[in-house]
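What follows is a set of notes on a single structure, which appears directly below.
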Amino acid sequence: MSSPSPDERELAHEQAYVDTVYQRLEESTKVAKSLVAEGLARGHIGHEGGLVERDAMVYQASRRLSALHAAHDGLVFGRLDLNGGDARYIGRIGVRDEDREIILVDWRAPAAAVFYQATAQDPAGVVRRRVLRCRGDRVVGIEDELLDAEAAPDDMVVIGEGALLASLSRARDSSMHSVVATIQKEQDEAIRAPARGATIIGGGPGTGKTVVALHRAAYLLYTDRRRFESGGVLVVGPSGVFMNYIERVLPSLGETSVVLRSIGEVVDGIRADRHASPEMAALLGSARMAKVLARVARSPQAGAPHRFDLFYRDDRLVLEASDLARIRRRVLANGLPNTTQAVAREELVKALWERVTGDRGLDRGEEAFADQLDGDLTFETFVDEWWPELDPVEVWRSVPSRLGEVASDLYTSFEQQVLRREWADHPTIEDIPLIDELRHLLGEAPARSEDDWATPKQMMSFEQREREDRVQATGSIDDVGYAHVLVDEAQDLSPMQWRMLGRRGRTASWTIVGDEAQSSWPVPSESAAARDEALGTMPVHRFRLSTNYRNSAEIYEFAAQVATHAIERPDLADAVRRTGVDPRHEVVPGDELLGRVADMAAEMLTQVEGTVAVVAPAGRLAEVSAAVPADERLRVLEPLDTKGLEFDGVVLVDPDAVVSEAAAGWRTLYVVLTRATQRLVTVGTSRRWLDRVAE
Ligand SMILES: Nc1ncnc2c1ncn2[C@@H]1O[C@H](COP(=O)(O)OP(=O)(O)OP(=O)(O)O)[C@@H](O)[C@H]1O
């Protein structure tokens, strides 16, 4: 039998260490499980103190269990060999041995920072950085970097070609993965930036903005768990497809308490997954819309009575439209429409009493007058119709019919026409901020009492209660929102969307990532101004990521020409990986387009190992979907739905139509072109766009 090679010896050695760590993990899991069981048993004690104790115990132990469970795969991923001979292992969570000695350092701990920060120019005491590639609990590969050759002992083994390049060439599947083993120095700086204020992370496509932001969320939870877990961390992304794509990253880092929402589902109790047309989206998202809604909320709703009269003793009491308008103004000086129903009633009674002149009425006095009105059918009906409790969705529905009255100085008559014509029956993604704005402008009618809860609170488990409280809190208009708000693809948010998020992050710290060159908002600077308004005066720290880890250099070099066409001075990244395969562009007659798309998709499936996207203008989606082969590796998407995603191969259909679909067409084209990791082909019926790019 031949003796093992140095590589095999190193693998066996690392496996032995990893086995020890897993053994400890298993013991911790057993302890946590028995704590859950013991805690549940305490629930049978029956008194309330027993329940509270049980809740806290079960909650803590369950949380530990889910963290242990989530961190299981690839638990140990790094090793540092330090000057002086010590070794330090780095993992997804921290693990101690039975003597409480650390045997695995949590990647977020200060002792792990050097794993990401050390370079050959500045090794910071690190001789060799080793990344362990694991499948489940098996070590299947080792990638080393020698950072300080002079300090290395003679027998030090160095294996592999570098972990980063190895990980970049992997085939893509349908989920984003954590990059915890290969985080680069500039990324690490953004991840570990202090929590205070707003951290804005910029950089071109594929530079790791999303993945860095998610690791930052995990880092913040680690550094101040109490604050961020109780206040909540909200992660907002562009679409449901995108949220599904990123949802596994945080659990794989041991974090399960972060709220992930697409921009269409930020508001509790109402969600949308359909976009308005680009033209309509620009009108709905404009800051002008906030003024329109403020006026709508304060003026009488459609169908509200304009006049009130009532016989009382010898008098006919009349309130004309002008009287009612005066009363309305007075009432609204006291609060919001839905919080002032009682005030409105009082003010009406007062105004009517002022109109009583006959002796029979005056002799009975104001109190008797008020008593008589209380329960008077005519009066009660009037109050209900004149000051009804307003539902934000109903008021949102009424906006188009009221534009003439409230928007003539804000939207041109052509824009008003578009708004009336395209106003949806069911809210689109761009309508959600309007409904949220109305919720705040209308206020909340007096809250349900605690007794209204179906399950008495003391009967709920700690987690249930926490969930209920959160639903109540985020559904409530007075809520101060989350402790941290993380916004991805922030360049796309409209001013109205920023207002919606701003309300949820008034006392939060923020992480904001984006790239102006990829913006689908018609005027990117307007979106940036709205962001600044949402952030107010909080301190801002900026980071820029400079290396594109996604696209092959061939694909990115072509896409960069489009970016230069799309905006002035785009933030271009350096792509590090060459494949030798250039993007390919075909022009075919219109009647051959679909057939060619089908062939290209089929061919692409044979050329790449991982995922393939066929991207087609929204209007052609159905026919393209019907034409391409059914395959679980292939998806058909409209351009805007590709935001933030990546695929090994991309087939782009009709680029000219993508460009002309919206004011942001060139930027959207840039987004689509930068989704491909390995291969990119385009097919259209004209080469106008190619000629413009070449100009
Ligand atoms: N340090 C790293 N190690 C390994 N892979 C990385 C690293 N940083 C980024 N990547 C990979 O690069 C790809 C792009 O990352 P990500 O989607 O976060 O970029 P992005 O800047 O948000 O892109 P876009 O602006 O186009 O949405 C992902 O596959 C990610 O896993």
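Everything numeric in this text was worked out from a predicted model, so none of it was measured. Whatever order the structure lists them in is the order used to number ligands and atoms, beginning at 1.
For R675, a nitrogen or oxygen atom sits less than 3.5 Å from a nitrogen or oxygen atom of ligand 1, counting backbone and side chain alike. Taking any N or O of Y245, backbone or side chain, none lies under 3.5 Å from an N or O belonging to ligand 1. The N/O atoms of V212, backbone and side chain alike, include none that comes under 3.5 Å of an N/O atom in ligand 1. By the 3.5 Å distance cut-off applied to N or O atoms, H177 is not counted among the residues near ligand 1.
A 6.0 Å sphere centred on CZ of R248 holds no more than 12 heavy atoms belonging to other residues, nucleotides or ligands. Counting non-hydrogen atoms of neighbouring residues, nucleotides and ligands closer than 6.0 angstrom, the CZ atom of R635 reaches no more than 12 such neighbours. No more than 12 heavy atoms of other residues, nucleotides or ligands lie within 6.0 Å of CG in D273, so this atom counts as exposed by the packing criterion. Counting heavy atoms of neighbouring residues, nucleotides and ligands inside a 6.0 Å radius, atom CD of E586 exceeds 12 of them. Counting non-hydrogen atoms of other residues, nucleotides and ligands closer than 6.0 Å to CZ of R135 gives a total of 12 or fewer.
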Query raised in the report: Could you go step by step and tell me if Y116 and H215 meet the ring pair (Phe, Tyr, Trp, His ring centres under 6.0 Å) rule?
Result: CA-CA 13 Å; Y116 303 110; H215 285 69; 8.6 Å; no

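Counting atoms of ligand 1 from 1 in the listed order, those under 4.0 Å from a heavy atom of I183 are 1 (N). Atoms of ligand 1 lying under 4.0 Å from at least one heavy atom of M176, given by number and element, are 16 (P), 17 (O), 18 (O). Close approach to R172 involves these atoms of ligand 1, each under 4.0 Å from a residue heavy atom: 29 (O). Those atoms of ligand 1 that come under 4.0 Å of a heavy atom in E489, given as number and element, are 27 (O). Of all atoms in ligand 1, listed by their number and element, those nearer than 4.0 Å to a heavy atom of G208 are 9 (C), 15 (O), 16 (P), 18 (O), 19 (O), 20 (P), 21 (O).
Atom 9 (C) of ligand 1 has Y549 CD1, 3.6 Å as its closest protein atom, hydrogens excluded (heavy atom only). Of the protein's heavy atoms, V211 N, 2.9 Å lies nearest to atom 18 (O) of ligand 1. Nearest non-hydrogen protein atom to atom 20 (P) of ligand 1 is K209 N, 3.4 Å. In this structure, atom 8 (N) of ligand 1 lies nearest to the protein heavy atom Q187 NE2, 3.0 Å. Of all protein heavy atoms, the one lying nearest to atom 13 (C) of ligand 1 is E646 OE1, 3.3 Å. Among protein heavy atoms, the minimum distance from atom 4 (C) of ligand 1 is reached at T182 OG1, 3.2 Å. The single protein non-hydrogen atom nearest to atom 17 (O) of ligand 1 is R550 NH2, 3.0 Å, given as residue, atom name and distance. G206 N, 2.9 Å is the protein heavy atom nearest to atom 23 (O) of ligand 1.
Side-chain atoms of Q518 and E516 include no donor-acceptor pair closer than 3.5 Å. No side-chain donor-acceptor contact under 3.5 Å links R577 and S552. Looking only at atom types and distance, the side chain of D648 has a donor-acceptor partner in the side chain of T677 under 3.5 Å away. In this structure, a donor-acceptor pair under 3.5 Å is absent between the side chains of H177 and S252. In the model, S546 has a side-chain atom that pairs as donor or acceptor with a side-chain atom of E186 under 3.5 Å.
The closest approach between a heavy atom of T207 and any atom of ligand 1 is below 4.0 Å. For the ligand labelled ligand 1, residue G204 lies inside the 4.0 Å heavy-atom shell. By the 4.0 Å heavy-atom criterion, G203 is excluded from the residues contacting ligand 1.
The pair K209-D488 does not count as a salt bridge, with every side-chain nitrogen at least 4.0 angstrom from each carboxylate oxygen.
Annotation: side chain of V259 is not in contact with side chain of V235 (no heavy-atom distance under 4.5 Å).
Residue contacts with ligand 1 for V179 involve side-chain atoms from C-beta outward but no N, CA, C or O (heavy atoms, distance under 4.0 Å). Residue-level proximity to ligand 1 for K643 is absent, since no heavy atom of it falls below 4.0 angstrom.
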